[in-house]
Amino acid sequence: MDAKRKEAEAQKKTFQYDASTRMSMVNSLTLSAEETEKRLASGEPFVVRFKYPADTDIHVHDLIRGEVVINSNLLDDKVLYKSDGMPTYHLANIVDDHTMKITHVIRGEEWLPSAPLHVMLYKAFGWEAPQFAHLPLLLKPDGNGKLSKRDGDRLGFPVFPLEWHDPKSGEVSSGYRETGYLPEAVVNMLALLGWNPGTEQEIFSLDELVNLFSLEKISKSGAKFSLDKAKWFNHEYIQMKSAQELLPYFTKIMDEKGISYEEDYLLKVIDVIKERLTFPSEFWEQAGFFFVAPTEYSAQDLKKRWKEGTGEKLRVILQLLEQDEVFDMQAAHDRVMEHIKANEWNMGAVLNSLRIGIVGAARGPELFTMINILGVPETRKRTEAVIAAVEG
RNA sequence: GCCGGGUUCGUCUAGUCGGCCUAGGACGUAAGAUUUUCAUUCUUAAAAUCAGGGGUUCGAAUCCCCUACCCGGUACCA
C-alpha cells in the first residue's frame, strides 16, 4: 500500500483505497481463503475496512441542507477496525446510536463528509438510519474559520460555559459564568446564532425557545460570534431581572470587598444601578459610593462645576434638605429647585458640585434618588467633607 | 488537487412555493432629544446594485448554468 501511495504521489494523484484499487492490494479479497486464515492465525496485524459498492450514488437526507448526493467511487474504503482491534469512530458511532435508539443525529458541519459512510453502514447492518442535521459552524469574529478557544481569550470573550483550568498545561480559559453572563442571556444569544424563527422577536425565554425551535429554520452558513451582541443580550437580561433575583451576584461582590451592608439597602441600590450594568462585575465601579464615601474628587469635574461661593450655596441646600421631619424626596427636590431658580443660581454648577461631594465625580443616578437612599445626614457629612477639601 | 457545503447592510439575519422588496429587523456606528451629570432610554440617519456573469420569465434575492471566493473533509482522529 505504501508503494502504491508513493506511486500515486509521484503522479501527483491521491491514492485512494477504493473499488478501483482494492483488487490490487493484499487483502482478504485478493488472497485465497486459506492464505487469509493462515495469516490471521499467525497473528499478523490487520484492519477491517468498509467495502463500498462501485459507482453508486449515495443519498444523505439532511434536515438542514436537503439531499446531499455523492458517488461511492469518490469515497475510500474507510477503516472500521483498527489493527489494535479497536473500532474507529464511524463504526462505534452508528452501533452506539442504533442501540440507543437515537432518532436524530445533530452535529457540526465538519461531519457532513462522513455522513455517506454512516448511511451506508446503517444500510449494511440492515438498520434504519436516524435523521441527520448538520449544523453550520460558529466562526471567529475576525477573519474566517472555526471559532476556537484561543480566539476567545485573544479577543476578550469566553468560549467555555465555565472557567476551565487545563490540568496539563495549567492554562486558564475564561468562562461565561465567571465573566458575568447570565445563563439565560447566553442561551438566547447562542440560539439566535444560526437560527431564527422568522419573526422580529429577539428575546426569548427558554420555554419560548423550546416551543419555537425547529431544525428547518437553521441557516446553512456559518455565523460569526459577535461580542457586542453578546453584551447587549446580557444587558437586556439584567434589566429583566428583579433586584431580588440579582442579589446573589452583588452580595458576592460586597463580601469580596469586605463591606457590611443591610440587604434592604443593597436592594435599593441595585434597583437604581442595574440599568447601567452590562455585567454584574461593574457594580462596584458604578455603585461603590453608596457604601463608601468618596475620598478623592474628580479634578476635572471640580474645575468645570465648582465656582466661587459654591460651598456656601451647598450649605443652604443642605438646610433645605433637612427641613422635612421624614425626608420627602419630591418635596425636597421641589424646594431646592425653586430656591435655585429664585436666586438665579447656576443650576448645573451647584447641583453637580453637590453630586461631586456625594459620588466623587459628575456621574451617577439622579441626584435626589441618591440622597434618598444615602440619607440626609450622610449627605451633609459628605458635602461638608467636599467643601473642606476644596475650600479648606 | 479532489469531493462536499456555503455566499443578502461592518456583524447576526428576514426573505419558505418568483410579483406586496422603493430588500425588513437587531447589534454596532453617527446625529438629535430627554437627563442638573454620566449611563440608560427615545427618535432619526447612513449602511446590502441580494458574490460576479449568463440565462428562464411579463417579472428573480428567490429557478437553472458558469465563474470567483470562503469554509469543511480528504488519517488505523474524533
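Below, chains carry the letters A, B, ... as their sequence lines are ordered, and counting in each starts from 1. Since this is a predicted model, take the numbers as computed values, not measurements.
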TODO: Report the distance from atom CD of A:Gln239 to atom P of B:rU40, rounded to the nearest whole Å.
DONE: 11 Å
Open item on the list: Less than 4.5 Å apart, side chain to side chain, heavy atoms only: is that true for A:Ile203 and A:Phe233?
Closed with: yes
TODO: Whole angstrom is fine here: how far is it from CZ in A:Arg49 over to P in B:rA75?
DONE: 10 Å
TODO: Could you check how far NZ of A:Lys274 sits from C1' of B:rU41, rounded to whole Å?
DONE: 14 Å
Task: For atom CG of A:Leu117 and atom P of B:rU74, their distance in whole Å - done: 11 Å
Open item on the list: Just checking A:Trp284 against A:Phe290, ring centres under 6.0 Å apart?
Closed with: no
TODO: Would you mind pulling out the nucleotide paired to B:rU40, Watson-Crick or G-U wobble, both distances under 3.5 Å?
DONE: none
Task: Spacing between A:Asn71 atom CG and B:rU74 atom P, to the nearest angstrom - done: 19 Å
Task: Residue whose closest nucleotide on RNA chain B lies nearer the 5' end, A:Ser114 versus A:Ala362 - done: A:Ala362
- [ ] Answer with base, sugar-phosphate or nothing: what part of the nucleic acid does A:Gly364 contact at a heavy-atom distance below 4.0 Å?
- [x] base
TODO: Give A:Glu200 one of three labels, base, sugar-phosphate or nothing, depending on what nucleic acid heavy atoms sit under 4.0 Å from its own.
DONE: sugar-phosphate
Task: Side chain A:Arg355 and base B:rU37 donor-acceptor under 3.5 Å - done: yes
Task: Contacts of type salt bridge (charged side-chain N to carboxylate O under 4.0 Å, His left out), residue A:Glu378, not counting sequence neighbours - done: A:Lys381, A:Arg382
TODO: Could you tell me which nucleotide pairs with B:rC69 by Watson-Crick or G-U wobble geometry, both distances under 3.5 Å, or answer none if nothing does?
DONE: B:rG6
TODO: Using a 4.0 Å heavy-atom cut-off across all strands, classify A:Pro116 as base, sugar-phosphate, or nothing.
DONE: nothing
TODO: Nearest whole angstrom, please: distance from the P of B:rU36 to the CG of A:Leu367.
DONE: 10 Å
TODO: Determine whether the side chains of A:Thr369 and A:Glu366 contain a donor N or O and an acceptor N or O closer than 3.5 Å.
DONE: yes
Open item on the list: For B:rU22, give the paired nucleotide (Watson-Crick: N1-N3 plus N6-O4 or O6-N4; G-U: N1-O2 and O6-N3; both under 3.5 Å), or none.
Closed with: none
Open item on the list: Regarding A:Glu366, tell me which of base, sugar-phosphate or nothing describes its non-hydrogen contacts under 4.0 Å with the strands shown.
Closed with: base
Open item on the list: Please check this pair: side chain of A:Tyr176 against backbone of A:Pro158, looking for a donor-acceptor N/O pair closer than 3.5 Å.
Closed with: yes
TODO: Name the closest nucleotide to the A:Leu137 side chain, picking from B:rA78, B:rU36, B:rC71.
DONE: B:rC71
Task: Same-atom distance (P) from B:rA48 to B:rU67, integer angstrom - done: 29 Å
TODO: Would you indicate which nucleotide in B:rU40, B:rG28, B:rU36 comes nearest to any side-chain atom of A:His235?
DONE: B:rU40
Task: P-based separation of B:rA61 from B:rU8 [nearest Å] - done: 15 Å
- [ ] Could you say whether A:Thr199 or A:Lys78 is positioned toward the 5' end of RNA chain B, judged by the nucleotide with the nearest heavy atom to each?
- [x] A:Thr199
Open item on the list: Counting only side-chain nitrogens and oxygens, does A:Lys313 get under 4.0 Å of the OP1 or OP2 atom of B:rU36?
Closed with: no
Open item on the list: Strictly by Watson-Crick or wobble contacts shorter than 3.5 Å, is anything paired with B:rA60, and which nucleotide is it?
Closed with: none
TODO: Using the C1' atom on both, measure B:rC21 against B:rA14 and round to a whole Å.
DONE: 11 Å
- [ ] Indicate, with yes or no, if the rings of A:Tyr52 and A:Phe50 have centres closer together than 6.0 Å.
- [x] yes
TODO: Output all residues satisfying ring-ring contact (aromatic ring centres under 6.0 Å, His included) with A:Tyr297, sequence neighbours left out; order by chain, then residue number.
DONE: none
TODO: In whole angstrom, give me the gap between the C1' atoms of B:rG18 and B:rU56.
DONE: 11 Å
Open item on the list: Within the 3.5 Å criterion, strictly below it, is a donor on A:Glu109 or A:His134 matched to an acceptor on the partner's side chain?
Closed with: no
TODO: Go through B:rC77, B:rA75, B:rG25 for me and flag the one nearest to the A:Asp76 side chain.
DONE: B:rA75
Produce the list of close N/O pairs, under 3.5 Å, pairing protein atoms with atoms of nucleotides 4-12 of chain B; give distances to one decimal.
from: B:rG5; atom 1: O2'; to: A:Arg65; atom 2: NH1; distance (Å): 2.7
from: B:rC12; atom 1: OP1; to: A:Lys224; atom 2: N; distance (Å): 3.2
from: B:rC12; atom 1: O2'; to: A:Leu192; atom 2: O; distance (Å): 3.3

Open item on the list: Distance alone, cut at 3.5 Å: any donor-acceptor contact between the side chains of A:Glu184 and A:Asn188?
Closed with: no
TODO: Could you tell me whether A:Asn352 contacts a base, only the sugar-phosphate backbone, or nothing, with contacts defined as non-hydrogen atoms closer than 4.0 Å?
DONE: base
Task: Atom-to-atom span, CG of A:Asp301 to C1' of B:rU36 - whole angstrom - done: 13 Å
Task: Interatomic distance where CD1 belongs to A:Ile340 and P belongs to B:rU37 [whole Å] - done: 13 Å
Task: Spacing of the C1' atoms in B:rU16 and B:rU22 (rounded, Å) - done: 23 Å
TODO: Respond yes when some side-chain nitrogen or oxygen of A:Lys82 is under 4.0 Å from OP1 or OP2 of B:rC77, and no when none is.
DONE: yes
- [ ] Record whether the side chain of A:Ser83 comes under 3.5 Å of the base of B:rC76 through a donor-acceptor pair of N or O atoms.
- [x] yes
